[in-house]
Amino acid sequence: PEYLQRFGIGYDTLTFAKDKVAAQEALGVSYDYAIDDGGHNFEALEAAGVNVYLCDVQHNRAIDTPKRVGSLWDFSTIVLEETVGPLLATLEPTG
């Protein structure tokens, strides 16, 4: 949370769990975005309809996906562009 607050990234929940799909169901929430380095979690979250990205590490290179990111920074940039970017495009300059 400190990282997200420092960079002004809003969030409703942060969930750290081994089985993220089960955690989502247990919490009664639906994740808007997720990032994981485990292929099994990535595939399960993707199958559950979550906008999930695979953090690129050696042990998951066999998974073919365009939704691969090199770091948490890359992931947060994508989330900001997809969520805040469209809103910013609607703003008109003042003064």
Side-chain angles (χ1 to χ4, degrees):
E2 181 182 315
Y3 172 88
L4 299 174
Q5 290 171 349
R6 182 171 39 155
F7 290 98
I9 301 170
Y11 60 92
D12 292 319
T13 63
L14 294 175
T15 305
F16 298 91
K18 191 167 192 116
D19 184 339
K20 292 168 180 63
V21 173
Q24 176 179 252
E25 293 169 1
L27 293 169
V29 298
S30 178
Y31 303 147
D32 294 320
Y33 288 88
I35 183 172
D36 205 294
D37 69 338
H40 59 287
N41 275 329
F42 172 78
E43 291 168 345
L45 287 163
E46 190 172 52
V50 176
N51 193 1
V52 61
Y53 287 82
L54 187 63
C55 188
D56 186 34
V57 291
Q58 185 65 39
H59 65 263
N60 65 31
R61 298 262 166 79
I63 298 171
D64 183 27
T65 179
K67 297 184 81 178
R68 185 178 291 277
V69 294
S71 67
L72 185 56
W73 180 265
D74 294 342
F75 172 71
S76 63
T77 299
I78 290 168
V79 173
L80 283 172
E81 287 174 353
E82 291 182 1
T83 58
V84 179
L87 175 63
L88 291 177
T90 66
L91 298 178
E92 294 186 25
T94 60

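Throughout, residue positions are numbered sequentially from 1 according to the sequence presented. Below, each value reflects all heavy atoms present in this structure, side chains not excepted, and no hydrogens, waters or symmetry copies. Predicted model, so just to flag it, every value in this text is computed and none were measured.
- Grouping the Ile, Leu, Val, Met, Phe, Trp and Tyr side chains by contacts below 4.5 angstrom, directly or via other members, places Ile35 apart from Val57.
- Using the six-membered ring where Trp is involved, Tyr33 and Tyr53 have ring planes that are parallel, under 30° apart on the 30 and 60° scheme.
- Hydrophobic cluster membership differs between Ile78 and Leu45, with clusters built from Ile, Leu, Val, Met, Phe, Trp and Tyr side chains linked at under 4.5 angstrom.
- Side chain of His59 to backbone of Gly39: no donor-acceptor contact under 3.5 angstrom is found.
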Would Phe42 and Thr65 count as a side-chain contact (heavy atoms from CB on, under 4.5 Å) here? Give the steps. CA-CA 10 Å; Phe42 172 78; Thr65 179; 3.5 Å; yes
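- Residues Ile63 and Leu54 have side chains in contact (heavy-atom distance under 4.5 Å, counting atoms from C-beta outward).
- Here the CZ atom belonging to Arg61 is positioned 4.0 Å from the CG atom belonging to Asp56, to the nearest 0.5 angstrom.
- Val79 and Thr83 get closest at one heavy-atom pair: O-OG1, 2.6 Å.
- Within the model, atoms NZ of Lys20 and NE2 of His40 stand 7.0 Å from one another, a figure rounded to the nearest 0.5 Å.
- Gln24 contributes a side-chain N or O that, together with a main-chain N or O of Tyr31, makes up a donor-acceptor pair within less than 3.5 Å.
- For the atom pair Ser76 OG and Glu81 CD, the distance stands at 9.5 Å (nearest 0.5 Å).
- Under the 4.5 Å side-chain criterion, counting only non-hydrogen atoms from C-beta, Arg68 is in contact with Asn60.
- Shown here for Asp74 and Gly70, the closest heavy-atom pair between the two residues is OD2-N, 3.2 Å.
- No side-chain donor-acceptor contact under 3.5 Å links Asn41 and Lys18.
- Considering CG of Asp19 and CD of Glu25, their distance stands at 8.0 Å, rounded to 0.5 Å.
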